Amino acid sequence: MGFSVGIVGKPSCGKTSFTNAACMTEFKVGSYPFTTIEANVGVAHVRTACVCKELDVDDNPQNSICLDGIRLIPIKLIDVAGLVPGAHSGRGMGNQFLDDLRQADVLIHIVDASGSLDAEGQEVSAGSYDPVEDVRFLEEEITEWMLAIIQKDWRRITGRIRAEGAKLEELLLEKLSGLKIGRVQILKALRDSGLKPEGSDKWSEEDLRLFTLTLQRAAKPIIIAANKIDRPTAPANLKRLQEEFPDHLIVPVSALAEKVLRDLDKKGIIKYVPGDTDFTVLDGQKIGEAEMGQLERIRDEILKALNGTGVQELLNKAVFEFLRLIAVYPVHDVNTLTDSDGNVLPDVYLVHEGITAKEFAGEIHTDLMESFIHGIDGRTKMKVSDKHELKDRDVIKIVSAKGSK
Ligand SMILES: Nc1nc2c(ncn2[C@@H]2O[C@H](COP(=O)(O)OP(=O)(O)O)[C@@H](O)[C@H]2O)c(=O)[nH]1
Ligand SMILES: [Mg+2]
């Protein structure tokens with residue numbers, strides 16, 4: 001489980017509620033400014049159509065879950081303590097909180113779309129605060145935080161380019177490895193910003209800022225959850241957010257509704273699979289009148305009107321659209337589609353689009369990559385070479401000199 005989603009936003013916007021709904025954890029909700037210092041970490045799942053239906057087999061997953069042909073694959077969620085304007089310069093212990101984002105591959109910014117909290121997360125009358133401000137400030141805080149890291153020793157580092165012929169991308173890679181920023185992202189940021197790496201010792205303050213902003217968009221992209229969409233003042237703000245930031249992905253969310261549905265599903269009272277746009281009542285006896293009213297409202301105003309609660313949609317978009325990951329099923333035997341213990345379609349891995357069969361072997365085990373001979377496609381049963389690029393929902397056996405998987 002190598003990929004992590006960072007949950008960020010100001011205090012009381014609903015980060016912990018989102019995390020609890022997505023991970024079925026019970027972290028404390030509400031304002032606990034002095035206790036929520038450590039980030040809450042939970043396991044959520046992304047949802048994809050399992051290959052079991054198409055291949056007509058009954059699977060028994062080991063590293064993931066399959067519910068009636070829907071494969072749920074685990075990812076890590078990091079619920080970071082609330083960030084306030086000025087966080088990068090240490091306000092509200094912001095620096096410490098920002099450091100929790102080092103390991104995140106993508107960020108979900110939880111915004112209180114109902115406009116009931118000021119910039120610091122203090123309650124104000126519903127609809128009186130403009131959440132557009134939150135989107136601006138948060139991106140700025142993240143960029144400033146990264147800028148401070150990049151700026152440190154900048155002259156000395158870039159001096160080595162002229163003095164020793166060192167490459168900027170290598171120097172940056174070393175500097176930013178703790179931030180989970182890779183070569184691909186550094187090269188993309190250099191390309192997209194249009195700045196010349198050779199002249200980096202002459203970059204102005206603005207150049208460096210531009211580079212950092214471009215790198216942030218490539219390496220820690222932010223997608224927006226317009227949360228508390230169930231509240232009356234939220235829909236108008238969602239519309240304004242979408243108008244103001246046409247290039248951002250903004251999804252209406254009700255963390256509250258997702259939690260209600262998943263809790264009732266867990267108790268066996270309703271059947272609801274995260275990401276569904278409806279639920280079925282299994283045990284109506286156990287639902288009181290008021291609760292039934294709430295459920296009907298969730299069905300009409302959220303599930304039907306907005307195509308789901310938004311929680312699963314955001315996680316899926318984060319993983320499949322922003323990180324561009326694909327789901328690949330390794331098997332030991334392509335005829336039975338099992339591992340060596342006889343489990344059918346036991347595992348599914350989330351890997352980068354464009355990964356080759358040999359690189360995929362390395363994701364399973366370094367040994368498998370080093371002694372890679374060829375792969376076998378689980379559908380066609382044909383051999384594939386080391387350079388063969390895998391596609392989403394591929395099933396593959398890796399044959400190596402040290403055995404196979
Ligand atoms: N109406 C509504 N309230 C929510 C929603 N998500 C969170 N809240 C409420 O917002 C308050 C703060 O939530 P919490 O998750 O603790 O926020 P955090 O400080 O960002 O972790 C709590 O009272 C939650 O019940 C939502 O989707 N709808
Ligand atoms: Mg919290």
Side-chain angles (χ1 to χ4, degrees), residues 5-42 44 77-85 87 92-94 96-98 100-101 104 107-127 129 131 134-135 137-138 141 222 224-238 241 250-263 274 290-291 293-295 297-299 301-303 305-315:
V5 178
I7 306 297
V8 293
K10 68 188 181 187
S12 301
C13 59
K15 297 177 297 298
T16 304
S17 300
F18 184 95
T19 304
N20 282 343
C23 306
M24 286 305 272
T25 43
E26 301 291 341
F27 297 121
K28 270 190 185 168
V29 164
S31 43
Y32 294 88
F34 302 109
T35 56
T36 346
I37 289 168
E38 295 280 303
N40 297 316
V41 177
L77 245 59
I78 311 166
D79 165 20
V80 175
L83 296 169
V84 295
M93 299 218 280
Q96 185 185 330
F97 300 163
L98 282 161
D100 288 331
L101 299 178
L107 309 179
I108 294 181
H109 179 187
I110 312 285
V111 172
D112 165 29
S114 73
S116 312
L117 302 166
D118 67 15
E120 315 263 306
Q122 298 293 332
E123 212 160 313
V124 291
S125 68
Y129 179 82
D134 290 344
V135 175
F137 110 74
L138 194 103
E141 291 301 329
I222 304 173
I224 294 162
N227 192 36
K228 310 195 187 183
I229 201 68
D230 52 276
R231 300 192 62 183
T233 47
N237 280 331
L238 167 69
L241 281 165
I250 304 174
V251 176
V253 171
S254 175
L256 194 70
E258 178 74 4
K259 190 69 163 74
V260 167
L261 294 170
R262 291 188 63 168
D263 280 343
E291 204 173 17
Q294 186 193 22
L295 274 176
R297 273 204 310 282
I298 290 178
R299 174 181 269 148
E301 293 166 20
I302 295 175
L303 295 179
L306 303 171
N307 242 333
T309 68
V311 173
Q312 192 61 51
E313 183 184 343
L314 264 173
L315 294 176

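Note that ligands are numbered from 1 as they come in the structure, with each ligand's atoms numbered from 1 the same way. Keep in mind the model is a prediction, meaning the values are calculated, not measured. Positions are given from 1 along the sequence.
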- Query: Between E258 and V311, is there a donor-acceptor pair closer than 3.5 Å when you use the side chain of the first and the backbone of the second?
  - Reply: no
- Any donor and acceptor pair, going by atom type alone, linking the side chain of D112 with main-chain N or O of L117 inside 3.5 Å? yes
- Query: Can an N or O of A255 be found at a distance shorter than 3.5 Å from an N or O of ligand 1?
  - Reply: yes
- Task: Please check if the side chain of K10 supplies one atom and the backbone of D118 the other of a donor-acceptor pair under 3.5 Å.
- Result: yes
- Message: For F27, is there any backbone N or O sitting under 3.5 Å from a side-chain donor or acceptor partner on N20?
- Response: yes
- Query: From the Mg ion (ligand 2) out to just under 2.8 Å, does an N/O/S atom of S12 turn up?
  - Reply: no
- Any pair counted as salt bridge (Lys or Arg N to Asp or Glu O under 4.0 Å), so long as it reaches residues 12-26, sequence neighbours left out: E26-K259
- Query: Sequence neighbours excluded, which residues qualify as salt bridge (charged side-chain N to carboxylate O under 4.0 Å, His left out) partners of E313?
  - Reply: K317
- For G14, take its heavy atoms, then give the atoms of ligand 1 lying under 4.0 Å from any of them. 7 (C), 13 (O), 14 (P), 15 (O), 17 (O), 18 (P), 20 (O)
- Note on the structure: With heavy atoms and a 4.0 Å threshold, my read on which part of V29 contacts ligand 1 is both
- Message: Just to be sure I read this right, does ligand 1 sit under 4.0 Å from the backbone of N227, its side chain, both, or neither, counting only heavy atoms?
- Response: side chain
- Item | Non-hydrogen atom of C13 closer than 4.0 Å to ligand 1 | yes
- Option with minimal heavy-atom separation from atom 26 (C) of ligand 1, where the choices are L117, D112, L256, V260: L256
- Message: Just to be sure I'm reading this right: ignoring hydrogens, which of K28, E258, K15, K228 gets closest to atom 20 (O) of ligand 1? Compare them by their nearest heavy atoms.
- Response: K15
- Query: Hey, which atoms in ligand 1 end up nearer than 4.0 Å to a heavy atom of S12?
  - Reply: 10 (O), 12 (C), 17 (O), 18 (P), 19 (O), 20 (O)
- Item | Point-to-point distance, once rounded to the nearest 0.5 Å, from CD1 of I7 to CG of D79 | 7.0 Å
- Which of the numbered atoms in ligand 1 are below 4.0 angstrom from a heavy atom of S17? 6 (N), 7 (C), 13 (O), 14 (P), 15 (O), 24 (C)
